[in-house]
Amino acid sequence: MNLPAFGLGTFRLKGQTVFDAVTNALALGYRAIDTAQIYENEADIGRALAVSNVKRDELFLTTKIWVDNFAQDKLIPSLKESLSRLGTDHVDLTLIHWPSPGNAVPMAEYLGALREAREQGLTRAIGVSNFTIALLQQAMGIVGPGELATNQVELSPYLQNRKLAEFARAQDIALTSYMTLAYGKVLGDPVLAGIAQAHGATTAQVALAWAMQQGYAVIPSSTKREHLASNMKARELRLSDDEMARIATLDRNDRQANPASLAPAWD
């Protein structure tokens, strides 16, 4: 499947805030929306989708199954609840949000249930999030090659995750970058600022363009309409080989998302 290169992330956005963000994004031309069960915002996103004039077949909706719902008897019912909250009969992509902590639920069980959800038409495609090389190898052994639409992982100029990126590319698994701006840390970076100035762009646009130019999908979030509009312009920005090489030097393995109770042994 073709994963949209650009979409709206909704992590930490709830209530009227996420409703407004999605409403503004759709009005600006966004057509991919990323959410998750643990974000507790699916119903508000569903509300925004319901009042928009965008047809369902023009949208690409992604949600993620939370670790508490991995058991075979829970995963599909939980996804059906997500669909109800989102006001749709299917999502385009469903991801396993984190590997099961302590392998409490075997991967074969939750990936098997996820594959069954796809067979039932509840989701068009399946994938994973926060999976390492070893976990991806295990997952491919379960579902087979070419079955995982994406691995959604933290990727930013400060965390370039090169080993994982090379492996995913070799296995034809698309990567989706979250926290591409490293919680805003990269916005003041002098290297990015210099490149941005040369293009009449913003540092955020440069970071997003850097990710997309490597073939990663990006899902930046914002609560401000002007930032939502500005982020979209990253799709038109083309960085030179020299500029990409300069950004490559910024890698410092600076990880933002590393919850002790969930994080695997990172590559």
Side-chain angles (χ1 to χ4, degrees), residues 1-3 11 34-40 42 60-86 88-155 161-178 216-217 219 255 257-267:
M1 68 171 300
N2 285 328
L3 205 63
F11 176 53
D34 180 277
T35 182
Q37 293 175 340
I38 197 66
Y39 296 173
E40 297 179 345
E42 290 171 324
F60 191 98
L61 299 181
T62 300
T63 195
K64 309 178 199 75
I65 305 292
W66 187 241
V67 296
D68 295 346
N69 298 323
F70 283 179
Q72 192 164 7
D73 61 345
K74 287 185 179 178
L75 192 145
I76 286 176
S78 82
L79 180 54
K80 287 179 176 176
E81 289 171 8
S82 289
L83 298 181
S84 177
R85 288 189 290 266
L86 287 164
T88 184
D89 62 357
H90 74 281
V91 284
D92 299 279
L93 176 62
T94 303
L95 306 179
I96 294 298
H97 203 153
W98 288 87
S100 183
N103 205 32
V105 180
M107 193 185 294
E109 181 174 337
Y110 61 75
L111 286 182
L114 188 60
R115 189 164 48 186
E116 173 61 26
R118 184 181 62 186
E119 288 166 7
Q120 290 185 21
L122 304 176
T123 184
R124 296 272 169 86
I126 61 173
V128 294
S129 182
N130 298 301
F131 270 40
T132 60
I133 292 171
L135 291 166
L136 282 178
Q137 288 172 322
Q138 191 182 342
M140 287 189 298
I142 293 165
V143 298
E147 293 295 294
L148 297 175
T150 194
N151 182 20
Q152 185 177 125
V153 290
E154 183 181 345
L155 282 162
N161 236 327
R162 288 196 184 99
K163 282 184 186 174
L164 175 67
E166 287 167 15
F167 177 81
R169 196 170 284 121
Q171 299 298 325
D172 205 25
I173 298 173
L175 290 184
T176 300
S177 162
Y178 72 77
Y216 310 149
I219 45 171
R255 188 179 296 278
N258 196 22
S261 61
L262 293 167
W266 301 112
D267 295 303

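Quick note: numbers below take in every heavy atom, side chains included, and nothing from hydrogens, waters or symmetry partners. For reference, positions follow the sequence shown, starting with 1.
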Measuring from atom [atom1] of [X] to atom [atom2] of [Y], what distance do you get when rounded to the nearest 0.5 angstrom?
X      : Y      : atom1 : atom2 : result
Thr94  : Arg115 : OG1   : CZ    : 14.5 Å
Glu147 : Arg118 : CD    : CZ    : 4.5 Å
Glu154 : Asn161 : CD    : CG    : 8.0 Å
Arg169 : Leu164 : CZ    : CG    : 10.0 Å
Gln171 : Leu136 : CD    : CG    : 8.5 Å
Glu81  : Glu42  : CD    : CD    : 9.5 Å

Count the heavy atoms of every other residue, nucleotide or ligand shown that sit under 6.0 Å from [atom1] of [X], and state whether that count exceeds 12.
X      : atom1 : result
Asn2   : CG    : no
Asn258 : CG    : yes
Arg124 : CZ    : no

Closest non-hydrogen atom pair between [X] and [Y], with its separation:
X      : Y      : answer
Pro264 : Asn130 : CG-O, 3.6 Å
Trp98  : Phe131 : C-CE1, 4.2 Å
Leu262 : Pro101 : CD2-CG, 3.7 Å
Leu175 : Ala165 : CD1-CA, 3.7 Å
Ala257 : Trp266 : O-CZ2, 3.9 Å
Leu75  : Ser78  : O-OG, 2.8 Å

Looking only at atom types and distance, does a side-chain atom of [X] sit under 3.5 Å from a main-chain N or O of [Y], one as donor and one as acceptor?
X      : Y      : result
Glu109 : Gln72  : yes
Thr150 : Gly127 : no
Asp34  : Ile219 : no
Lys64  : Thr35  : yes
Gln152 : Leu95  : no

Is there a side-chain contact between [X] and [Y], using heavy atoms and a 4.5 Å cut-off?
X      : Y      : result
Leu61  : Thr88  : yes
Ile126 : Ile96  : no
Thr176 : Leu3   : yes
Asn151 : Leu148 : no
Asp92  : His90  : yes
Val67  : Ser100 : no
Pro99  : Tyr110 : yes

Notebook entry, point to check: So Ile65 and Lys74, side-chain contact (heavy atoms from CB on, under 4.5 Å) or not? Walk me through it.
Noted result: CA-CA 10 Å; Ile65 305 292; Lys74 287 185 179 178; over 6 Å; no
Margin query: Can you classify the ring geometry of His97 versus Trp66 as parallel (below 30°), tilted (30 to 60°) or perpendicular (above 60°)?
Written below: perpendicular
Item checked: Positive for side-chain contact (heavy atoms from CB on, under 4.5 Å) with Val143, one of Val128, Leu114, Leu111 -> Leu111
